[in-house]
Every structure is written in C-alpha cells, then in structure tokens.
Amino acid sequence: MTKHIFVTGGVVSSLGKGLTASSLGRLLKSRGLRVTMQKLDPYLNVDPGTMNPFEHGEVYVTDDGGETDLDLGHYERFIDESLTRASNATTGSIYSSVIAAERRGDYLGKTVQVIPHITDEIKRRIVALASDDVDVVITEVGGTVGDIEILPFLEAIRQFRLDVGRENVCYVHVTLVPFIGPAGEQKTKPTQHSVTELRSRGIQPDVIVCRSDRRISEGLRSKISNLCDVPLDGIVCAPDAASLYEIPLTMHDEGLDDYVCRLIGFDRCPQPDLTEWKAMVAQADHASLPLTIGIVGKYITLPDAYLSVAESLRHAAIRNSVDLTIEWVMSDHVEGLLVEEMLGHLDGIVLPGGFGERGVEGKIEAARFARENSQPCLGLCLGMQVMTIEYGRHVLGLSGANSSEFDTQDHTTPHPVIDLMAAQRDITDLGGTMRLGAYVAVLDPGSQVANIYGDTVIQERHRHRYEFNPKYRSRYENGPGGFRCSGNSPDGRLVEFIELSSHPFWIGTQAHPELKSRPNRPAPLFDAFIAASLREARTKHPERFPAAIDVTATVQ
C-alpha cells in the first residue's frame, strides 16, 4: 500500500517546508522507492497563474500545463520526476470542485459543509496520487499551523491516518529554534507552542525538524523530545546550509530517512545511493572560475519571482566549475547613460519572462547592449520577444516596432513584430489565450540551438500569450547579422527560437527551459550560455583567470 508523509510548518513562514519535503523525497528515491509529491495551498485563488509575482513568486508550469506553486519546482529538481497539475491543490480549486458538485446535485440535496465535504475533497486529491506505481506520496501543507486558512487541511490529514491506517502515515513538522542574541542562547519555546497548536488539531507529529541558524545542542534536542512527546531519533537538526543542495546530505546525516523508513515500514530498504549527489555538491564547493551574470528583470525585489532561472544558472555553473555571482538588475533603471555602468561589467545577461509594459524598454536596451558588445545574452519568453523588438528597431529600421501587448489607447505600434495569433483575439478568458505546458519544437539542422540540444526535435514548457509575428519573418531572416528563426512549431507557424549567427551567444526562446533544469543535469540552453559567457570572459578579462586553469577544456 502507498505510504503518505505530511509536512507541516509552524511559528513563521519560509522556514523551508518545501526544501525539507524535497530533501526527504530525494533520500527516499535514492533508496529505490518510487516517490511523488504534492503541495496543498490554503489561498483562495484557484491557482497562482493570475497572482502578482511580488505576492507569490514565480508560477511553476508542469508538462500538462498546470500553473502551480513554486515549491513544485523544488520537488522536480530534487526528486527528478515530472509532476502534473494534480500535484498542486488550493483552497480555491477545492471549493470550486465542491460547489460545482453541489450545483450538479451530486450531494443529493444534503447540506454542504467543510466537514465532511471540503475535507473529503482534500483527501480525494491526496489519494489521487497514490497509484500502483508510487510507493510514497509526500504532501506539503502550505501556510503555518495556527492560520485560520489551514484548518480544513489539518483536519483532512488528521482524518487520513484513520482512513488508511496509522502504519501508513507519517507527520513531519518543521519549526523554528531561534537564537536570541542578548541571552546568548537558543530557545525551544516557539517549537513547543507550535507543536501544542498542532496537537490541539488532533495531530501528533512523528518528526520535528528544527530550523535554526546553527546546530542545536543535544540538551535542547532532549528537551524538545520530552516536551513534545517525540522520540529523540525524531528530533532532526536542520541548520542553515551554504547551498540548498546540501540539505539532503544534512538530513541523511541526521538520520531523517532512516527514522521515517522505520515508521512507515520501509526499514529493509537499502541505504540511499547518494554518490552522484555528493559529487555534484563537491563540484559546486570547489568551483573556482569567477563569472558574473546579470538577470535583468521587473520583479527583482523578490528573487523568488525568478527562482527557476536562478537555480538553472547555478546548475550550469556547477557543470562548468564556475563560481557564480548573480546580479539582480531592475529593468526599469536600464536606460540612457546608465546602461554601460549597469551592464558593462557583466559576463552575460539573462532576460527572463514576465507580463505587462513596465520595464520593457529597459530590457530592450539590455538586449541592444548585449548585441552590440558581443555580450552573451539569453532571452526567455518575454526576453525573446524584446530581443526581436530590439533587432527590428535598431537593425531593420522598423521605427516603433513593439509587441501589441503594450499597445495603449493612445499609442498603437506601426510594427507589431510580436502579436497575438488570429485565433486568440476573440477569447476573453485570460487563461484561454495562453500557451501552457510542454510543446514540441523542430530545430533547424546546423543551427546553434540544434547543436546545443544535440537534436532537432525537442520539447520545452511554455507560459505565454504573444508570438513572433510571421508577417515579419522574411524581413528578419533577410536582414544583416545573421538573424535566424532557428526553431519552430512542427507545423512551421510559430517561432520558438531565435539566434544571431554573428554573435557569440545571442539566443532567445519562447519557452521556459529553466523549468526542466536539474542540479545534476542542467538545461542545455543554460549550460551553453554559461559556457559561452566563460569563453568571452576569458577573452576579455584574461587577468581574472590563472594561467594554469584551462577554461576551454572546462566548458567543452
């Protein structure tokens, strides 16, 4: 029977429930178990697709087009499994399903209530992942114990142990052990209160993961064990780590996976094979080639808005032995005399995705600076679109070239080089005009992108509404500089990749390749971008690289 692990959090948000769940998933999969994961989010939005990035961070997209919580990105990166829209459920989606069922008459006229109807729907979402080819489902409950929004979820997972049997469920609670500077000691009281709150909802944690900025003493572990009624082996110390990819190794050293396996009946599983993971972490620790990459974006005051982009850069940096520094550049500020000052010292530029007009002109200037100064540039989604606009304005002479997304009542671009397709124009539902999920692209043989992917038929995930306008394609491909629409949809209608053959690396894609990158298997475009940035940095700034280091050998 499929086993279930529920991860909750207390005291404050952002303690690392998602990383704890992901790390445990990595450890269990390394033991040979078949693992899948799920996030239950207490907010009322049906999904995060229409939420402001400043509110919620990035929207992670699954192969089947689900717009989900960013924690699913952590899950996929750690357990190296492609998840689906079923792995994210929100209060909004749960209530929508229950209300729709009530309107259809599914409840036969009964009074619809939180218990049992909402809790039953939550449990149905959990059970839906427990297929015959899954050994363990790890479910993270978003929010913090004590929040009013989280109560139906806690009640549902409390009932779940009774439904499937005590031996098939494990509760992991992540909580805070803060260090109080003036007192010079760590305090367990927040953990005690958090566990008391959880127990008041009928859930006794099996494991307490103690988050802190330093290790906690054995004395404090014993105190937490005694006061929270959890065996000492179930008190796991989780101090801050230099890299999030070190967390599974720390958790294993703390015995988390051994203890959980004993609780849910997998104690005969072999020890995890962490050879590849340890090698990856060691390579990251010993990276020595300095490189500074700028992410020119609209939402940089909340780096989580570009979480997968930043992680993909780090994955590629590990592969190329690069000691990476990421600089966050506010696209609103990239203009006029500031461009050289803000971008000139960078070894490469990433133009990430986004929606809306704010900051677009700064991104266009960044694309121009990179093109004119042989600076490696990778454009993602909106990033590809602004590269197209930039080339049209400054190389092809298409004055006022723009995306029709940015048309206003007072100003309509004479050259909509980025536009909605005709079939999308009459759709009023914002989600209905989106290309979401995995799409196939056919790459031109001999193109840069075909060489990077090592194939001519590839698949990447998408989340966008506007496309390269095919009416302008011939003007672009016949223009100077070797502009090439090097990847297209299988029917040839949609441009998926662009590149500039006269440039060391000036490549854009409509897709979001960052969503499929893994720490031990970086996304090909990011891998090639970091390698190109390293080559250019060595050429322009040889003084930064010791003569003994063969950078060329490193990046091949």
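This one's a predicted model, so the numbers in the text were calculated from it and none came from an experiment.
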On a heavy-atom basis, the closest approach of F406 and G356 is CE2-O, 3.3 Å
Closest heavy-atom pair, P352 versus V296, reported as atoms and distance to 0.1 Å, is CD-O, 3.0 Å
Item to complete: Indicate whether any N or O donor in one side chain lies under 3.5 Å from an N or O acceptor in the other, for T139 and R125.
Response: no
Only residue of Y245, F526, F529 satisfying ring-ring contact (aromatic ring centres under 6.0 Å, His included) with H315 is Y245
Scanning both residues in full, the closest heavy-atom pair of V449 with I507 reads CG1-CG2, 3.8 Å
Do the side chains of M51 and V59 get nearer than 4.5 Å, heavy atoms only? no
Start with the C-alpha distance between D80 and R518, add both sets of side-chain angles, then the distance that settles salt bridge (Lys or Arg N to Asp or Glu O under 4.0 Å), and finish with yes or no.
CA-CA 7 Å; D80 198 10; R518 304 289 184 260; 3.1 Å; yes
dist L291:CG -> I326:CD1 (nearest 0.5 Å) comes out at 10.5 Å
Side-chain heavy-atom pair L343, N373 within 4.5 angstrom cut-off: no
To the nearest 0.5 Å, atom CG of L28 lies from atom CD1 of I138 at 5.0 Å
P42 versus F153: any side-chain heavy-atom pair under 4.5 Å?
-> yes
- prompt: D135 and F266: side chain to side chain contact (heavy atoms under 4.5 Å, CB included), yes or no, with the steps?
  reply: CA-CA 10 Å; D135 296 314; F266 287 126; 4.2 Å; yes
Counting only N and O atoms by type, is there a donor-acceptor contact under 3.5 Å from the side chain of E499 to the main-chain atoms of S486?
no
For a side chain to side chain contact (heavy atoms under 4.5 Å, CB included) check, start with the C-alpha distance between I458 and F497, then their side-chain angles and the critical distance, and finish with the verdict.
CA-CA 11 Å; I458 59 101; F497 291 84; 3.9 Å; yes
For R34, is there an ion pair with D133 - N to carboxylate O distance below 4.0 angstrom? no
Is E361 paired with R393 through a side-chain N to carboxylate O contact shorter than 4.0 Å?
yes
**Item:** Proximity of H74 and Y60 rings by center, below 6.0 Å
**Value:** no
In this structure, are over 12 heavy atoms from other groups packed under 6.0 Å from K471 atom NZ? no
| field | Test log, rule side-chain hydrogen bond (donor to acceptor under 3.5 Å, both in side chains), inputs E140 and Y75 | value | CA-CA 10 Å; E140 176 193 351; Y75 302 165; 2.4 Å; yes
d(D304 CG, D71 CG) to nearest 0.5 Å is 9.0 Å
Counting N and O atoms only, with roles assigned by atom type, does the side chain of S502 sit under 3.5 Å from a partner on the main chain of G481, one being a donor and the other an acceptor?
yes
What one should report as the nearest heavy-atom pair of I247 and A241 is CG1-CB, 4.1 Å
Note to self: Does the plane of the ring in F483 sit parallel, tilted or perpendicular to the ring in Y391? Use 30° and 60° as the thresholds.
What the structure shows: tilted
Do T509 and E460 come close enough that some side-chain heavy atom pair is under 4.5 Å?
no
What one should report as the nearest heavy-atom pair of L346 and G294 is CD1-CA, 3.8 Å
Distance col, row D444:CG vs N451:CG, nearest 0.5 angstrom, shows 11.0 Å
### Message
Check whether K298 reaches the backbone of F355 with its side chain - one donor and one acceptor, N or O, closer than 3.5 Å.
### Response
yes
### Query
Are I126 and I157 close enough, and set up right, to give a side chain to side chain contact (heavy atoms under 4.5 Å, CB included), and what steps lead you there?
CA-CA 9 Å; I126 298 168; I157 68 173; 4.3 Å; yes
- Should the ring pair Y306 and W328 be called parallel, tilted or perpendicular, given that the plane angle runs from 0 to 90° and is split at 30 and 60? parallel
Only residue of K29, K516, R461, K39 satisfying salt bridge (Lys or Arg N to Asp or Glu O under 4.0 Å) with E76 is R461
Which of E58, H512, E67 passes side chain to side chain donor-acceptor pair (under 3.5 Å) with R463? It is E67
A130 backbone acceptor or donor facing H4 side chain under 3.5 Å | no
Q) Do V134 and L129 come close enough that some side-chain heavy atom pair is under 4.5 Å? A) no
Closest non-hydrogen atoms of G297 and K363, given as atom of the first, atom of the second and distance, are CA-CE, 4.0 Å
key: Backbone N/O of C377 and side chain of R371: donor-acceptor pair under 3.5 Å   = no
Side-chain touch T301/M330, heavy atoms, less than 4.5 angstrom: yes
* Is it true that a side-chain atom of Q38 and a backbone atom of V137 form a donor plus acceptor pair closer than 3.5 Å? -> no
Next item on the list: Would you check if the side chain of S331 reaches a backbone N or O of V360 as a donor-acceptor pair within less than 3.5 Å?
Entry: no
Passes side chain to side chain contact (heavy atoms under 4.5 Å, CB included), N402 versus I389? Steps please.
CA-CA 6 Å; N402 214 334; I389 293 167; 3.7 Å; yes
_Check: T292 main-chain N/O paired with E327 side-chain donor or acceptor under 3.5 Å_ = no
| said: Could you tell me if the side chain of Y472 sits less than 4.5 Å from the side chain of L398, heavy atoms only? | reply: yes
Rounding to 0.5 Å, atoms CZ (R31) and CG (L274) come to a distance of 9.0 Å
Rounded to the nearest 0.5 Å, the OG atom of S243 sits from the CD1 atom of I318 at a distance of 6.5 Å
Query raised in the report: Is the backbone of L44 close enough, under 3.5 Å, to the side chain of T91 for a donor and an acceptor to pair up by distance?
Result: no
pair Q283-M280: side-chain heavy atoms closer than 4.5 Å
no
> Is a side-chain N or O of T90 found less than 3.5 angstrom from the main chain of N45, in a donor-acceptor match?
Replying inline: yes
